[in-house]
Amino acid sequence: MPLLTERWNDQQNQIPHSGQHILAQHTTETIVVYQAYMPAIADYAVKNQKFGGPNFSFSRMSWIKPNFLWMMYRCGWCEKQNQERVLAITITRQLFDEILFEAAHSSFNSAVYTSHDEWKKALAVKPVRLQWDPDHDPHGKPLTRRAIQLGLKDDVLYKFGTTALQIEDVTPFVRQQKQHVDARQLDLLEVPQERIYLPADASLVKQIGLDM
């Protein structure tokens, strides 16, 4: 699906400003997530519409982020080393929910786990790591709202990396929008159209710590 955008100022009236939420561009069937890579990995992924090649390793954990500005904070708007290219990866909602189902929180959460032992057992067997971190505004200022990122490994990573519906290099868009950020002209800033995402299985709401 092509990346749909809107003015950042307009988006602020459509999303919550606190709590733990999955903000993403999504349809009834798909969701977009982001990753930042060195050019060699990005070139292979876009050309082949899957991950692989001599520079990509399926044996390492790979992190995905559904929130565009959280990705911009992490990659420095494409200016951090080995994160010079940003990819928008469209996958099915079914796959994304499978990833959520296989996730263990990176730190102990008493609202999710009855004991530290239960949490440690989940960490040992689950192939996905889930982290809630402060979201950030376009200038990198932390917000009270928290954003999700998911670390994938093993079979989950392989499935994600080889079954994407579309892999699009959005680096030119990122660099264009960074000019507005640098000029402190946020009234001109365009961002992907993102709204609250809710998994199909209601049990996941508590499991991953979503606020309703």
Side-chain angles (χ1 to χ4, degrees), residues 1-36 63-80 83-93 96-97 99-100 103 105-106 109 111 130-151 166 168-200 202 204-212:
M1 60 184 270
L3 204 61
L4 304 176
T5 64
E6 62 186 351
R7 289 290 174 94
W8 177 77
N9 280 340
D10 294 337
Q11 187 179 89
Q12 302 316 295
N13 298 322
Q14 304 294 327
I15 59 177
H17 293 269
S18 62
Q20 296 186 160
H21 304 279
I22 299 175
L23 296 179
Q25 182 166 133
H26 57 87
T27 69
T28 57
E29 300 293 335
T30 64
I31 181 172
V32 177
V33 298
Y34 301 95
Q35 293 189 297
W63 291 83
I64 62 174
K65 302 167 181 63
N67 180 297
F68 178 77
L69 285 180
W70 175 228
M71 182 75 261
M72 293 305 98
Y73 170 73
R74 293 297 296 172
C75 73
W77 290 87
C78 291
E79 292 189 345
K80 290 186 179 180
Q83 298 186 61
E84 300 93 345
R85 301 274 289 281
V86 171
L87 304 179
I89 304 148
T90 303
I91 61 175
T92 65
R93 290 175 67 116
F96 188 74
D97 285 4
I99 291 170
L100 294 177
H105 291 245
S106 293
N109 185 332
L130 182 158
Q131 287 185 193
W132 288 105
D133 299 285
D135 205 346
H136 291 75
D137 75 5
H139 293 296
K141 178 183 177 181
L143 305 174
T144 56
R145 183 180 65 238
R146 298 180 75 81
I148 197 171
Q149 62 174 335
L150 298 155
Q166 181 182 28
E168 180 184 2
D169 187 347
V170 295
T171 307
F173 171 76
V174 170
R175 290 174 177 163
Q176 181 185 47
Q177 298 310 312
K178 186 178 185 297
Q179 295 178 16
H180 299 314
V181 175
D182 290 344
R184 308 196 78 82
Q185 297 176 320
L186 297 188
D187 57 317
L188 300 178
L189 177 63
E190 295 273 335
V191 293
Q193 187 181 86
E194 296 178 350
R195 299 292 185 267
I196 290 177
Y197 175 94
L198 291 176
L204 281 171
V205 172
K206 180 181 180 181
Q207 180 178 324
I208 66 176
L210 283 176
D211 287 329
M212 299 295 290

*Do Ile91 and Ile31 touch side chain to side chain, with heavy atoms closer than 4.5 Å?*
yes
*Provide the closest heavy-atom pair for Val181 versus Pro138 in the form atom of the first, atom of the second, distance.*
CG1-O, 3.5 Å
*Minimum heavy-atom distance Asp97-Leu204, with the two atoms named*: O-CD1, 3.9 Å
*Where do Leu150 and Phe96 land on the side-chain contact (heavy atoms from CB on, under 4.5 Å) test, with the steps shown first?*
CA-CA 10 Å; Leu150 298 155; Phe96 188 74; 3.8 Å; yes
_Any donor-acceptor N/O pair, Gln11 side chain to Gln193 backbone, under 3.5 Å_ = no
_Check this for me: Lys80, atom NZ, are more than 12 non-hydrogen atoms of other residues, nucleotides or ligands nearer than 6.0 Å?_
yes
_Residue list, side-chain hydrogen bond (donor to acceptor under 3.5 Å, both in side chains) with Asp182, at least two apart or on another chain_ = Lys178
*Work out which heavy atom in Pro192 is nearest to a heavy atom in Phe173; give both atom names and the distance.*
CD-CE2, 4.1 Å
*With a 4.5 Å heavy-atom cut-off, do Ile208 and Gln20 have their side chains touching?*
no
*Which heavy-atom pair separates Gly19 from Asp211 by the least distance, and what is that distance?*
CA-OD2, 3.1 Å
_Residue pair Arg145 / His21, side-chain donor-acceptor N/O under 3.5 Å_ = no
_Checking the side chain of His17 only, and the main-chain atoms of Gln12 only, is there a donor and an acceptor separated by less than 3.5 Å?_
yes
*Is there side-chain contact between Pro142 and Asp133, with at least one heavy-atom pair below 4.5 Å?*
no
*Does any non-hydrogen side-chain atom of Gln25 lie less than 4.5 Å from one of Phe68?*
no
*Count the heavy atoms of every other residue, nucleotide or ligand shown that sit under 6.0 Å from OH of Tyr73, and state whether that count exceeds 12.*
no
*Leu143 and Asp137: side-chain contact (heavy atoms from CB on, under 4.5 Å), yes or no, with the steps?*
CA-CA 7 Å; Leu143 305 174; Asp137 75 5; 4.1 Å; yes
_Residue pairs involving residues 185-194 (criterion salt bridge (Lys or Arg N to Asp or Glu O under 4.0 Å); sequence neighbours excluded)_ = Arg7-Glu190
*Give the intermediate values and the outcome of side-chain contact (heavy atoms from CB on, under 4.5 Å) for residues Gln131 and Trp63.*
CA-CA 10 Å; Gln131 287 185 193; Trp63 291 83; 3.6 Å; yes
_So does Met71 get a backbone contact from the side chain of His136, meaning a donor-acceptor N/O pair under 3.5 Å?_
no
*Check Arg93 against Thr27 and note the closest heavy-atom contact, atom names and distance.*
NH1-O, 2.9 Å
*Provide the closest heavy-atom pair for Met72 versus Val174 in the form atom of the first, atom of the second, distance.*
SD-CG1, 3.5 Å
*For the residue pair Ile89 and Ile64, establish whether any side-chain heavy-atom pair is separated by less than 4.5 Å.*
no
*asked:* Using a 3.5 Å distance criterion without hydrogens, assess whether the side chain of Thr171 forms a donor-acceptor pair with backbone atoms of Val86.
replied: yes
*With a 4.5 Å heavy-atom cut-off, do Leu210 and Trp132 have their side chains touching?*
yes
*With a 4.5 Å heavy-atom cut-off, do Cys78 and Gln83 have their side chains touching?*
no
